[in-house]
Amino acid sequence: MEEGVPVNETLSLDSDVALPPKPGQFFTFCLICVASFVIGKKLRDLLEFPLVTGYLITGIFCGPYVLEMLKVAEVTNLAFVFDVCLAYIAFSAGAEIYLPEIKPLISSIAKISILQTIAFMILGVMATYFFASQTGFMASLDSKQRIGVSLMTAVIMIARSPSSCIAIINELEAKGPFVQTVLGVTIISDIVVLVLFAVTFGITKVFFDPEAVLSGEFVAILVGEVFLSFIIGYLLGKILKRILKADGATLEEFVKKRFKYIHSNWWMPYARGRAPLFRGIAMLVFGYLVFYVAELLHIHIDLGLETLLTCMTGGYFVVNTPKVSVGPHLYLNFRHRMHLALDTIGALIYVAFFTLIGVGLNISIIPDVFGVALYFFFIRLLIMYIGSAIGGYWGKNPSKHNHNSYLTYVTQAGVALALTESVKQEFLTFGEDYATTIIAVIVIGQILGPMMFKFAVRRIGEANEDRPSKGGDRGKAPQFSLHVWWWDGEDEESIDDEAHRVFIDDAERIEEADLASIDDITASIPVS
């Protein structure tokens, strides 16, 4: 914590219950987000920086430590935005855990994940603990507190970025056992990280509380809270399925009946066909309610609900729900529909989240922590290599895969940042320095990670970006991505390909149409 800054002025997104910010503060933040979006695209186009990096840089310069467009107390009032973004990130993490895609390589994926986790929980903890005196955030802590911080840091090191992984695989048009295994390990890591963080976070809080004791009763309560989070996540998944099952007409009728004061003839025509957008907004509302209820439970009965784990569990149960018949030869695919809802609101959420993280960074201490950040980056890379190589040999993967796979696990993003911010909120004595250091590590990974990932895939020989497109001139058709959420019979791929051809051939008209029209088009595709 900086000298001269009153305790109540310390920059943190913590509050008793995160409520919506004041209109003026929220409007200012929205303007910053618009600038962040533009600058992020410019940096990507000119310097090939990840969009996330541009959002963070914009947030830093617009925050209370540079241009002061927002004051410290005003950033604290934006905790509501942070909770909504966290709910989205957790939903997205859960939505990537699709068992049918993981099962074919589950043995290899499990062995690599286990060895990576063991390596980080042993070597990562040791590397952090014995380096504690060299860091600004741990130098003044006692041995127990250092162990707690080392445990949390090791868990955050495990976190990956499924969205970045998928984006790079799609960009390279990569296919093969190597990228399938990498994607599976990346996705599984989210489950491991959130469960382990819930445990290590609780243990660390005990180490920082002089009156608390790490007893059997505490461990039982901690395990009970994690189990309760899974149960509530399962119930949340049921609610999300009800939301996703509603079609455009049902949603419009609901608004017309329940919210007459916002139903207007002049704007409703523009809202028709935006069912994925409304589903995504409704999901965010329930995601925020999870955080709101969790905070109330913590205040009134001292019960710690693991909010990220709850939302991730809800997303997992939705995407792994079997198809549901909605008519003759038509089936509802919850996974595709959830991804469509998330994709519709994703850009806005990521701009807001990473910009808000940047706004909260104290740029004045970045030069002091950069050396420490480089240390943690290379330590993470080394441990990743050890865990991936040993796990790969255990899983009987090719030697070339084992010695290159670690390069694909460098990139971190939403989950790692969310956990880092949780540490910053809870531990005010060292949280600001800690968050700045770890976020610097994440930014380095965001810049170098995609290049290292592409290098590894090309070296293995599973990249296809330079190969000619199948179908002659079809490769020149306008790119248009659309999730198809129904299929007939067992061969989903053949129906999806048929739907894809219709969409590509009619891409120009579909881009101008609303999503209700797309529902009509999919319903008109002949089904055998």
Using only atom types and a distance under 3.5 Å, with no angle test, would you say the side chain of T204 pairs donor to acceptor with the backbone of G148? yes
Could you tell me whether the side chain of I231 reaches within less than 4.5 Å of the side chain of F227, counting heavy atoms only? yes
Can you give the donor-acceptor pairs under 3.5 Å from side chains of residues 30-39 to other protein atoms, not counting sequence neighbours?
| unit_1 | atom_1 | unit_2 | atom_2 | d |
| --- | --- | --- | --- | --- |
| S36 | OG | T355 | OG1 | 2.7 |

Let me see the working for V84 and F353 under side chain to side chain contact (heavy atoms under 4.5 Å, CB included), right down to the final yes or no. CA-CA 9 Å; V84 171; F353 178 73; over 6 Å; no
Taking all heavy atoms of Q425 and all of F82, pick out the closest pair and write down the distance. NE2-CE2, 3.1 Å
Take the angle between the ring planes of Y350 and F354 and call it parallel below 30°, perpendicular above 60°, tilted in between. parallel
Which atom pair, heavy atoms only, marks the closest approach of K71 to E74? N-OE1, 2.8 Å
What are the two closest heavy atoms between T437 and A373, and how far apart are they? O-CB, 3.8 Å
Let me check something: any side-chain donor-acceptor pairs from residues 376-390 under 3.5 Å, sequence neighbours excluded? List them with distances.
| unit_1 | atom_1 | unit_2 | atom_2 | d |
| --- | --- | --- | --- | --- |
| R380 | NE | M157 | O | 2.7 |
| R380 | NH1 | V410 | O | 2.8 |
| R380 | NH2 | M157 | O | 3.3 |
| R380 | NH2 | A159 | O | 3.0 |
| R380 | NH2 | Y409 | O | 3.0 |
| Y385 | OH | H403 | ND1 | 2.7 |
| S388 | OG | Q116 | NE2 | 2.7 |
| S388 | OG | M384 | O | 2.7 |

When rounded to the nearest 0.5 Å, the distance separating OG1 of T310 from CD of E225 is 10.5 Å
Could you walk me through whether Q145 and M138 satisfy the side chain to side chain contact (heavy atoms under 4.5 Å, CB included) test, starting with their C-alpha distance in whole Å, then the side-chain angles of each, then the deciding distance to 0.1 Å, before giving a yes or no? CA-CA 8 Å; Q145 293 170 341; M138 280 198 294; over 6 Å; no
Would V182 and C165 count as a side chain to side chain contact (heavy atoms under 4.5 Å, CB included) if you check the C-alpha gap in whole Å, the side-chain angles of each, and the deciding distance to 0.1 Å? CA-CA 8 Å; V182 165; C165 178; 4.1 Å; yes
Under the ring-ring contact (aromatic ring centres under 6.0 Å, His included) test, which residues partner F131, sequence neighbours left out? Y375
Hey, are the side chains of I112 and S405 touching, using non-hydrogen atoms and a 4.5 Å cut-off? no
Is it true that, when you exclude F61 itself, more than 12 heavy atoms of the residues, nucleotides or ligands shown sit nearer than 6.0 Å to its CZ? no
For side chain to side chain contact (heavy atoms under 4.5 Å, CB included), just list the numbers for V290 and I232, CA-CA rounded to whole Å, side-chain angles, deciding distance to a tenth of an Å, and then say yes or no. CA-CA 9 Å; V290 170; I232 297 177; 5.5 Å; no
Look only at the side chain of S229 and the backbone of E306, and say whether a donor-acceptor pair between them is shorter than 3.5 Å. yes
Taking the side chain as every heavy atom from C-beta outward, state whether L244 and V318 have any pair of such atoms under 4.5 Å apart. yes
Inter-residue atom distance K111.NZ - I106.CD1, 0.5 Å rounding: 11.5 Å
Rounded distance [0.5 Å steps], NZ in K42 versus CG in L47: 12.0 Å
Indicate yes or no for a side-chain donor-acceptor contact from E421 to the backbone of A435 under 3.5 Å, with no hydrogens or angles considered. no
Assess whether side-chain hydrogen bond (donor to acceptor under 3.5 Å, both in side chains) is satisfied between Y434 and T153, documenting all intermediate values. CA-CA 10 Å; Y434 179 86; T153 304; 2.9 Å; yes
With a 4.5 Å limit on heavy-atom distance, are the side chains of L194 and V415 in contact? yes
Taking all atoms of both residues into account, what is the closest heavy-atom pair of L342 and Y88, and its distance? O-OH, 2.9 Å
Are F427 and F201 an aromatic pair, judged by ring center distance below 6.0 Å? yes
The criterion is ring-ring contact (aromatic ring centres under 6.0 Å, His included); which residues satisfy it with F178, sequence neighbours excluded? H401
Are T408 and M452 close enough that some pair of their side-chain heavy atoms sits under 4.5 Å apart? no
What distance do F91 atom CZ and I345 atom CD1 have between them, rounded to the nearest 0.5 Å? 9.0 Å
Side-chain heavy-atom pair L183, Q180 within 4.5 angstrom cut-off: no
With no hydrogens and no angle check, is any side-chain donor or acceptor of N402 less than 3.5 Å from a backbone partner on N397? yes
Without swapping roles, check the side chain of R279 against the backbone of L340 for a donor-acceptor pair under 3.5 Å. no
With a 4.5 Å limit on heavy-atom distance, are the side chains of F230 and V195 in contact? yes
Partner set under salt bridge (Lys or Arg N to Asp or Glu O under 4.0 Å) for K454, not counting sequence neighbours: E171
Nearest-0.5 Å distance, CZ of residue R459 to CG of residue N404: 4.5 Å
If you measure from OG1 on T117 to CG on L196, what distance do you get to the nearest 0.5 Å? 6.5 Å
Report yes if the side chains of I97 and V319 come closer than 4.5 Å at any heavy-atom pair, otherwise no. no
Using ring-ring contact (aromatic ring centres under 6.0 Å, His included) as the criterion, list what pairs up with F453, not counting sequence neighbours. none
L222 versus G202, closest heavy-atom pair with distance: CD1-CA, 4.3 Å
I'd like to know if the side chain of R160 and the backbone of I158 have a donor-acceptor N/O pair within less than 3.5 Å. yes
So which atom in G445 and which in P450 form the shortest heavy-atom distance, rounded to 0.1 Å? O-CD, 3.8 Å
